[in-house]
Each structure stands twice: as C-alpha cells, then as structure tokens.
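A short write-up of the structure that comes next.
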Amino acid sequence: MAGRVYLDNAATTAVDPRVALAMRPHLEGRCGNPSSLHWAGTEARAIVDLARRQVAALLNAAPEEIIFTASGTEADNLALLGVMAAADRPGSHLVVSAIEHPAVLETCRFLAGRGIAVTGLAVGRDGIVDPDQLRAALRPQTRLVSIMSANNVVGTLQPIAELAHISRSHGALFHTDAVQAAGKVPLDVRSQPVDLVSLSAHKMHGPQGVGALYVRGGVALMPQLHGGGQERGLRSATENVAGLAGFGVAAAIAAAAMADEAVRLVGLRDRLIDCVLATVPGSYLIGDRFRRLPGHACLGFSGLEGEAIRLLLALDAAGIAVSSGSACSARHAAEPSHVLQAMGFDPFRARGSLRVTLGRFNTAADVDRLLEALPAAIATLRPIASYSHSNNA
Ligand code: PLP
C-alpha cells in the first residue's frame with residue numbers, strides 16, 4: 001500500500017511541529033502553577049497570558065474576553081448553561097439551529113428538561129439557516145440564540161453577522177460555535193455583533209483537550225465549574241499550561257496563514273469536488289457549493305447512502321482516512337444524520353455521506369490518491385447496495 005493519507009481534518013488535525021515545539025518545555029520538566037507567586041508560577045502565568053493574547057487576536061477580541069476551557073464541548077456548555085443560568089427568568093427561551101453539534105444540541109436537551117423553551121431552526125437544502133426563520137422564531141423571552149459558524153458534517157458557512165444582528169436587535173445574546181470555522185475563515189467580534197464564541201485548539205493544528213470561550217465584556221455568565229476562581233472566576237481549574245502554549249501558537253499561525261491557506265485549500269477542494277462529480281456516476285455534493293469551509297467536501301452517492309460505513313472502510317483499506325459524517329457520531333454511524341435530516345433529506349438518504357476534509361498538511365497528491373481509490377471502492381459496493389436498497393424499498 002502506498003503511504004497513508006489523512007483526509008479527516010474536521011475530526012481533528014495533526015499538531016503543527018511549531019505548536020509541538022512551543023509545548024515541549026512545559027511537558028519536559030518545566031513546571032509552575034500559574035496561580036503560584038514564585039518565579040515558576042510567574043513564568044507559567046506569562047505563558048498563559050501570551051496564549052490569551054494570541055487566541056484573542058484570532059477573533060480581534062480583548063484578551064480579558066477569553067475564558068480557557070478544556071474543549072470546544074465545554075465552551076459550548078459554558079455558553080448555553082452559563083447564559084441561561086445567569087438569565088434565570090421564568091419562561092426563558094433559547095433558539096438554536098437544528099444542525100448544531102451535539103455539544104450544543106444535547107445541552108439544549110438538558111435545558112429543555114429543566115423548563116427552558118427551546119426552538120430548533122431547520123435549514124434549507126443548502127445547509128444554511130434562513131435569517132427570516134430566525135426572525136420568526138424570536139420571542140420577547142428569547143435570551144440566547146446559538147448558531148454555529150460552520151457545520152462540521154457538511155461544511156456550510158452560516159451568515160453569522162446577519163443572524164447576530166437580528167438577535168441583538170431583538171434583545172437576545174448571540175453565541176456561535178466556531179470550532180470548525182476558527183482559523184479557517186475570518187471571525188471578527190468587533191465588526192460582528194456576536195457575544196460568545198466557542199473555539200477548540202485541535203481543529204486548528206493545536207493540541208486536543210484545550211478550548212476557549214470568547215465572552216464579550218458585560219455579558220453575564222454563571223460559572224459551571226466552581227473552585228479556585230481561575231479564569232476570572234468563570235472556569236475554575238489549574239490551567240493546562242502546555243496545552244495553552246500550543247493553543248496560542250496554533251492560533252497565531254492560523255491567523256497569519258489563513259488567507260493563503262484558504263486559497264490553496266479551496267483549489268484542492270474544488271478540484272476534488274469537480275472530479276468526483278464528473279467521474280463517479282450518481283455522485284452529488286451535499287450543502288451549498290460555495291458557502292462552505294475552504295477544505296470541506298461532503299459527498300453523497302445515489303443508492304449507496306446506506307453503505308457509507310462500508311465505503312469508509314474500503315477507503316481505509318486503501319490507506320485513506322475519511323469520515324462518514326462527524327467523528328462524534330461514529331458510535332451512531334448507522335443512524336440517519338440529524339444534519340442531513342434538518343436539510344430535508346429522507347431518513348434513508350440521510351444515512352450516508354462521505355466527508356472529506358483537507359488541512360494544512362494535505363497536498364494535491366493526497367487528493368489524487370482519493371480520486372484514484374474512490375471509483376474502485378464504490379464499484380465494490382454498487383451491486384450489493386442496489387440489491388439491499390431494492391429489498392428495503
Ligand atoms: N463543535 C463543533 C462544530 C465540532 O465540530 C466539535 C468537534 O467535533 C465540537 C464542537 C467539540 O469540540 P471538542 O472536540 O473540542 O470538544
């Protein structure tokens with residue numbers, strides 16, 4: 001088998017060697033708790049402060065508006081639970097899109113069980129939230145609107161500035177899960193009226209287990225972790241100094257490289273999409289053709305929707321790592337995707353997609369490998385798939 005190819009960058013990204021270099025001293029002996037007053041603590045505090053400035057710069061935020069967390073999931077939980085707990089008024093209402101990541105949707109389910117009214121906005125066939133639907137969903141009691149910047153399954157970009165503006169003019173706070181978008185497309189909290197933004201280091205070539213929540217100054221948030229009062233009392237726990245050193249460098253590299261990287265990845269992505277659509281009979285693109293993340297392609301194959309896992313495994317056998325949806329749903333891989341269903345796909349078609357996501361270290365040769373392997377992988381599935389599909393009909 002030729003070398004292995006990793007095309008699942010929406011699940012996680014390889015740590016950039018410059019990030020690893022920045023983390024190394026903090027993993028190999030250098031120690032210090034940022035809360036300690038001695039020289040070791042002071043050094044650790046300086047590392048955390050630098051990371052805070054670097055992550056803030058990626059969003060054009062002030063450093064004190066960044067709360068570090070242990071993941072994007074935790075940042076989403078803190079945003080939703082923290083805002084709704086701080087609001088704590090009877091009849092409080094929350095609006096989310098139906099294509100959010102489970103970190104948001106499951107938190108909504110929890111809140112709904114505690115008496116919060118939750119509205120889920122369906123999206124169009126293009127995978128994009130309609131601003132008029134948001135307008136119609138808002139109520140006087142709406143405290144928070146949460147709509148992701150970019151979807152993890154289909155890669156579509158949402159009109160965040162417009163949605164945030166609508167929310168604010170109705171008096172609701174606006175949160176965006178930017179875990180997939182950050183470092184890939186520009187996000188500017190000064191020009192966009194967003195109040196809370198979730199980030200995760202491992203989606204931008206930083207380490208796993210490190211995240212952040214941007215909280216606009218003046219937004220009331222109830223902490224969800226209680227303890228020593230770190231992170232301005234909003235997220236107690238000793239800081240992950242090595243992880244934050246890496247997150248800071250990952251954010252700085254992403255900010256500096258974003259424009260060039262986007263052009264390169266759009267070129268690779270578009271060649272991949274065009275070639276698959278031209279050469280694989282029955283193939284179709286899922287989600288808007290252009291309003292999508294630079295390196296993100298989500299493809300369907302007519303009649304093979306129930307065979308997404310077998311297609312993934314056939315490509316895996318050829319050394320190519322792709323996804324059949326989101327990594328988080330791998331345990332529920334045989335179930336229809338909630339994202340595709342919200343886009344109007346019937347439950348059968350919603351079971352299958354091929355997610356190919358490119359990152360900093362992918363090359364044109366990687367795309368070529370996929371393009372070579374895909375028709376053969378599909379050919380092995382077609383006869384069985386059409387048989388089982390017709391039997392299911
Ligand atoms: N939000 C989105 C859109 C994601 O894609 C993910 C991870 O896949 C998360 C949140 C969760 O982030 P983390 O893996 O850091 O918990």
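In what follows, residues are counted from 1 in the order of the sequence shown. Nothing here was measured: the structure is a model prediction, and the numbers come from that model. Remember, it's 1-based here, ligands and their atoms both numbered in the order they're listed.
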L268 versus N362, closest heavy-atom pair with distance: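 In terms of heavy atoms, the two residues are closest at CD1-O, 4.1 Å.
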For ligand 1, which atoms have a heavy atom of [X] less than 4.0 angstrom away?
{"X": "M148", "result": "3 (C)"}
{"X": "T73", "result": "11 (C), 12 (O), 13 (P), 16 (O)"}
{"X": "Q180", "result": "3 (C), 4 (C), 5 (O)"}
{"X": "S200", "result": "13 (P), 15 (O)"}

Sub-4.0 Å heavy-atom approach of H202 to ligand 1: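 For ligand 1, residue contact (heavy atoms, under 4.0 Å) with H202 is present.
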Is ligand 1 under 4.0 Å from a heavy atom in the side chain of [X], in the backbone, in both, or in neither?
{"X": "S71", "value": "both"}
{"X": "E74", "value": "neither"}
{"X": "D76", "value": "side chain"}
{"X": "K203", "value": "side chain"}
{"X": "V179", "value": "side chain"}

From N152, V104, D177, T176 - option closest to atom 10 (C) of ligand 1 by heavy atom: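 The residue whose heavy atom sits nearest atom 10 (C) of ligand 1 is D177.
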Parallel, tilted or perpendicular: rings of F361 and H205 (30°, 60°):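 H205 and F361: perpendicular rings.
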Lys/Arg cation over aromatic Y284: R349, 6.0 Å, 45° cone: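 The answer is yes; both the distance and angle limits are met.
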